[in-house]
*Asks:* 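If you scroll down you'll find the structure; I have some questions about it.
Note: hydrogens, waters and symmetry copies are ignored here, and every other heavy atom, side chains too, is used.
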Amino acid sequence: MTLFNNKINVINYNNCMRISFIYLVLIGVLLSSICPLAVTEHITNLQKYDIGIGSNRESPLHPLLKGVGAAAPNWLQRAKQEVTDVKTELAKLNTTYVYQNAWPANNVKLGAVTAVSFDKAGNVVIFHRVDRIWSQITFNNSNVYQERNRGPIKENTVLGLESDSGKVLYSWGKNFFYMPHGLSIDPEDNVWVTDVAMHQVFKFPPRGKGGKALLTLGTAFHPGVGKKFCKPTAVAVLNNGDFFVADGYCNARIIKYSKEGEQILVWGQSSFVGMSYDVAPANFFAIPHALTLVPELELLCAADRENGRVQCFYSNNGSFHSQYHNPVIGDRLFSMAYTPAAGGELVIVNGPTAELGIGPNDYNEVHGFVMSMRTKQLVSKFGPNNFEFQNPHDVAVTDDGNSIYVAELNPMRIHKFVHKSIAKPMSLSASKISSSVKNASETSVISEIINNSDKKQTTHHPSGKAIMVASMMLLFAGSTFVLALIMARRRKRGCLPFGTHSRRHAWEKTEGFKLGGLIDRNGFEKLDQNASDEEQEQETTSLSHYA
């Protein structure tokens, strides 16, 4: 009897659970019909969200975004697209840009390079962190900077480089910034920068003259919403002086301001919900990381970093226009820049995937890409000596599309690429190095070649072992030379060793022995050290997540 009663209780409990679930679903539908989730024009409160809602696994950037963000969006996942063989599609892309190994000059010392732009004179302007590294302990769970006691960076953080030689023409920005991030230059040559540690946006006069900001937005070291920022990432400025700020890591929004700094528009919400989406809905961001303008179409485009796409909006009202996504690029897209060349193109840099190993289709390569805005198709790819980047962070392209510059966090450097139509032809030795390294499957091989090239340009004191090896090699060479002379003389007399002289060799000459004849001139050539990357990789503790 007890067993029968227990069964009845279990049945009743299950029925109650089913009924409760149905009621919850009905209430959810009713609420969603009354209060549909939409993009807000003005965000006034920082809404908390559970990063695990509706997901089977935690987002890889959960530690980065604890305690921040907007409410989790409630959209239906799109049907899975046909699986793309990323490796095969990458192999099909041509390389249309040639890497400039010797740029910039050797004496340019850099920290992690976070941004790159151009001033009115055409110089390349970069923003770098000198000795600062963004690690897991740089911010607490409330996004407050934890290393304020170190004071501002003591060296210049903004450098102006001559576009041809890479020589430093000017520098400024010391004793002011704590954690540099974005930099852009407006039509009047003013410099706009963001500092994620200070949670502020600054406008400086051309070349930072005077060292004082013309305009400051946000509250120093106090993250927030409304008039405050939380790790702002980038700025883009229209010809009339109005400007946009990507606010960035925490708030996942874009804000439009008047020239005087008055807020005009706000749009965007966070799409971090603990799982990845093939293509997230319009107006949702997973870190709007960089901005670029498309003047011909009056568009503002944003790099939606963790959604692996570019979103473009009408610059007058912030309404959605289009998005650009390709599975070959992958799930992470750090920056893009627009050029009107070839009918309008986006130059894009992606990043190492944050979800490697989850599935067999997670193949990822870190490159620069050129995408046609007309066809939304990838046109080409590029990278250092046709290889991958490690942690590219920002990209800039000239209006004519002939030159591309990529800022990289680690290795800490700025890269230059020139379109192959105007690039100087590579030397034979450079071609040999490029082709030999191309067959290497491990990046350690590449690093070894790079480091060896650097070492050849540095004076070292030889060790005793090195002297011994060199002496043995000289002795061997001398012995070979003497033996060759003896054999040549014996041939001339018609007396070859081992009782035979019927076989002739390619290097034998009737007029006598010549040392140069022993060497196939086509097989040996002095190596051109400039064919290798001059950068020595510097190991850091930074992660690409914390960029």
*Asks:* His393 and Glu408: side chain to side chain donor-acceptor pair (under 3.5 Å), yes or no, with the steps?
*Replies:* CA-CA 5 Å; His393 196 258; Glu408 191 160 19; over 6 Å; no
*Asks:* Where do Asp304 and Arg309 land on the salt bridge (charged side-chain N to carboxylate O under 4.0 Å, His left out) test, with the steps shown first?
*Replies:* CA-CA 5 Å; Asp304 189 1; Arg309 63 177 175 171; 2.7 Å; yes
*Asks:* I need the single residue from Trp192, Phe176, Phe127 that forms a ring-ring contact (aromatic ring centres under 6.0 Å, His included) with Phe202. Which is it?
*Replies:*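 So the option named by the test is Phe176.
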*Asks:* What distance separates Phe244 CZ from Thr292 OG1, expressed to the nearest 0.5 Å?
*Replies:*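 Between atom CZ of Phe244 and atom OG1 of Thr292 there are 12.0 Å.
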*Asks:* Say whether, by atom type as modelled, one donor and one acceptor occur between the side chain of Asp247 and the main chain of Cys230 under 3.5 angstrom.
*Replies:*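 The answer is yes, because a donor-acceptor pair under 3.5 Å joins these two groups.
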*Asks:* For the residue pair Val191 and Val193, establish whether any side-chain heavy-atom pair is separated by less than 4.5 Å.
*Replies:*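 Side-chain contact under 4.5 Å: yes.
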*Asks:* Give me the ring orientation class for Phe369 and His367: parallel if the planes are under 30° apart, tilted from 30 to 60°, perpendicular past 60°.
*Replies:*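 The arrangement is perpendicular - the two ring planes meet at more than 60°.
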*Asks:* Closer than 4.0 angstrom, basic N to acidic O: yes or no for Arg150 and Asp131?
*Replies:*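 Yes, this pair counts.
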*Asks:* For the pair Tyr405 and Phe118, evaluate ring-ring contact (aromatic ring centres under 6.0 Å, His included) and give the outcome as yes or no after the intermediate values.
*Replies:* CA-CA 10 Å; Tyr405 299 85; Phe118 305 106; 5.6 Å; yes
*Asks:* Minimum heavy-atom separation for Ala407 to Thr114, with atom names?
*Replies:*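 Where Ala407 meets Thr114 most closely, the heavy atoms are CB-C, 4.2 Å.
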*Asks:* May I ask you to test the Phe177-Pro152 pair for a side-chain heavy-atom distance under 4.5 Å?
*Replies:*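 Contact flag for Phe177/Pro152 side chains = no.
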*Asks:* Determine, stepwise, if the pair Tyr97 / Asn386 fulfils side chain to side chain donor-acceptor pair (under 3.5 Å).
*Replies:* CA-CA 9 Å; Tyr97 285 88; Asn386 296 334; over 6 Å; no
*Asks:* May I ask you to establish whether Lys231 and Phe139 are in a cation-pi arrangement, using a distance under 6.0 Å from NZ or CZ to the six-membered ring centre and at most 45° from the ring axis?
*Replies:*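 Yes - Lys231 lies over the ring of Phe139, closer than 6.0 Å to its centre and within 45° of its axis.
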*Asks:* Are any non-hydrogen side-chain atoms of Phe382 and Thr96 less than 4.5 angstrom apart?
*Replies:*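 No, their side chains stay 4.5 Å or more apart.
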*Asks:* Quick check on the 6.0 Å ring-centre criterion: do Tyr249 and His181 meet it?
*Replies:*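 Centroid separation for Tyr249 and His181: below 6.0 Å.
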*Asks:* Using a strict threshold of under 4.0 Å (side-chain N to carboxylate O), is an ion pair present between Lys120 and Asp189?
*Replies:*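 Salt bridge: no.
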*Asks:* If the threshold is 4.0 Å, N to carboxylate O, is there a salt bridge linking Glu262 and Lys227?
*Replies:*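 Between Lys227 and Glu262 there is no salt bridge, as every charged N stays at least 4.0 Å from the carboxylate O atoms.
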*Asks:* So is Arg148 actually on top of Phe221's ring, under 6.0 Å and inside 45° of the axis?
*Replies:*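 Yes; both conditions hold, so Arg148 lies above the ring face of Phe221.
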*Asks:* Got a donor-acceptor contact below 3.5 angstrom from the Gln311 side chain to the Asn283 backbone?
*Replies:*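 Yes, the answer is positive, given that a donor and an acceptor are paired below the 3.5 Å cut-off.
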*Asks:* In sequence, state the C-alpha distance, the side-chain angles, and the governing distance for His289 and Phe334, and then conclude on ring-ring contact (aromatic ring centres under 6.0 Å, His included).
*Replies:* CA-CA 6 Å; His289 195 256; Phe334 274 68; 5.4 Å; yes
